[in-house]
There are 2 protein chains.
Amino acid sequence: MDAAAVIKALGALAQEHRLAAFRLLVQVGEEGLPAGVIGEKLGVVSSSMSFHLAALANAGLVTQRRQSRLIFYSADYTAMNSLMGYLTENCCGGIACIDNVSCCPAQTGAAGSDAEKDVA
Amino acid sequence: MDAAAVIKALGALAQEHRLAAFRLLVQVGEEGLPAGVIGEKLGVVSSSMSFHLAALANAGLVTQRRQSRLIFYSADYTAMNSLMGYLTENCCGGIACIDNVSCCPAQTGAAGSDAEKDVA
DNA sequence: TCCATAATTCGATAAACGTGGAAATATGGA
DNA sequence: TCCATATTTCCACGTTTATCGAATTATGGA
């Protein structure tokens with residue numbers, strides 16, 4: 001993950017509704033939620049929500065998949081992992097004191113525990 | 001660290017020159033660097049640099065101290081620690097798979113594991 | 001085909017951001 | 001006191017953001 005991607009990701013999370021949406025998606029796990037449900041839970045009108053979800057997707061933090069009439073958004077744990085990796089390496093002294101920083105969905109044993117080091 | 005502070009911190013880091021400045025300050029350690037040196041290293045004119053450093057300070061990510069005519073800026077590792085803690089807890093599934101996320105200057109075994117859960 | 005639902009795109013608007021030159025504010029030395 | 005240096009503050013200026021209503025684009029059912 002290079003600096004430009006990191007800035008994009010940080011910028012995507014640096015907004016009330018987007019941070020809330022991302023947190024929500026992290027909580028619900030792999031399956032994700034339809035755009036409408038996210039907007040409803042957050043009290044954001046659909047066009048605004050769409051704008052924010054597009055920003056998160058553009059930053060690579062969420063993925064979308066259509067299921068009939070609904071478009072489900074899911075948190076991309078790998079991207080969040082990379083972001084955490086970059087911050088740890090570049091904005092935290094980097095050395096020693098960090099044992100293991102890994103970002104994975106709840107308990108789903110998915111994508112986790114090995115801290116895939118694709119950092120810049 | 002509450003959501004508002006997190007958004008402020010993320011927003012502060014989500015900018016090319018500010019991210020570069022913060023990384024630089026993390027590298028040099030506790031002592032920090034004078035505003036002028038930072039601007040020079042980054043190729044940013046003083047008024048702009050001042051603007052960005054103020055943003056980082058306002059977000060609590062850096063501290064400033066005057067030393068004669070120079071104003072030294074230093075990375076605030078505790079703040080970065082809190083930010084990492086929030087992201088780990090709220091944007092990473094939170095549970096298990098994270099062993100230890102700590103942000104400290106070089107080897108200084110600084111604080112960690114506080115993660116104050118004042119989430120919304 | 002026609003209609004309803006889900007979501008996005010478009011348009012306008014107000015606010016915030018990033019930039020750099022110029023002026024103002026410390027601080028220290030001659 | 002006067003001057004030089006370091007930094008910040010002020011002031012435009014143009015760009016990007018966030019918002020929300022309205023129009024548009026999928027999708028599926030009757």
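Chain letters run A, B, ... following the sequence lines, proteins first and then strands; every chain starts at 1. As the structure is a computational prediction, the values presented were derived from the model and not from experiment. Only this structure's heavy atoms are used, side chains among them; waters, hydrogens and symmetry mates stay out.
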A:Leu33 has an atom CG; how far is it from atom P of C:dA6, in whole Å? 14 Å

Output a table of nitrogen or oxygen pairs between the protein and nucleotides 23-29 of chain C separated by less than 3.5 Å.
none

Below 4.0 angstrom from OP1 or OP2 of C:dT8, is there any side-chain N or O of A:Tyr73? yes

Show me the donor-acceptor pairs within less than 3.5 Å that the side chains of residues 10-19 of chain B make with the rest of the protein, sequence neighbours left out.
unit_1  : atom_1 : unit_2  : atom_2 : d
B:Gln15 : OE1    : B:His17 : N      : 2.9
B:Gln15 : OE1    : B:Arg18 : N      : 3.2
B:Arg18 : NE     : B:Ala12 : O      : 2.7
B:Arg18 : NH1    : B:His52 : ND1    : 3.1
B:Arg18 : NH2    : B:Gly11 : O      : 3.2

Measure from the side-chain N and O atoms of B:Ser50 to the backbone N and O of B:Ser46, and report whether any donor-acceptor pair falls under 3.5 Å. no

Between A:Glu16 and B:Pro34, name the one whose nearest nucleotide on DNA chain D is closer to the 5' end. B:Pro34

Report yes or no: does B:Tyr77 contribute a side-chain atom to a donor-acceptor pair with the main-chain N or O of B:Val26 at less than 3.5 Å? yes

Whole angstrom is fine here: how far is it from CG in A:Leu70 over to P in D:dT25? 21 Å

Rounded to whole Å, CD1 of A:Ile71 lies from C1' of D:dT27 at a distance of 10 Å

Apply the side-chain contact (heavy atoms from CB on, under 4.5 Å) test between B:Val62 and each candidate in B:Leu25, B:Asp76, B:Ile38; give the one that qualifies. B:Leu25

Output the rounded distance in Å from CZ (B:Phe72) to C1' (D:dA6). 11 Å

Take the protein atom CD of B:Gln64 and the nucleotide atom C1' of D:dT7, then report the distance between them rounded to whole Å. 10 Å

To the nearest Å, give me how far apart CZ (B:Phe51) and C1' (D:dC13) are. 14 Å

Rounded distance in Å - CZ (A:Arg65) to C1' (C:dA6): 15 Å

Looking at B:Ser48, I'd like to know whether one of its side-chain N or O atoms comes within less than 4.0 Å of OP1 or OP2 on C:dG18. no

Might you point out which heavy atoms bring B:Leu61 and B:Ala9 nearest each other, and give the distance in Å? CD1-O, 3.7 Å

D:dT19 phosphate, OP1 or OP2: any side-chain N/O from A:His52 under 4.0 angstrom? yes

Find out whether A:Leu24 and A:Lys41 are in side-chain contact, i.e. whether some heavy atom of one side chain is under 4.5 Å from a heavy atom of the other. yes

Within residues 38-46 of chain B, which residues have any heavy atom lying less than 4.0 Å from an atom of DNA chain C? B:Val45

For the atom pair CZ (B:Phe72) and CG (B:Leu33), what is the distance rounded to the nearest 0.5 Å? 7.5 Å

Over how many whole Å does the gap from B:Met49 atom CE to D:dT7 atom C1' extend? 12 Å

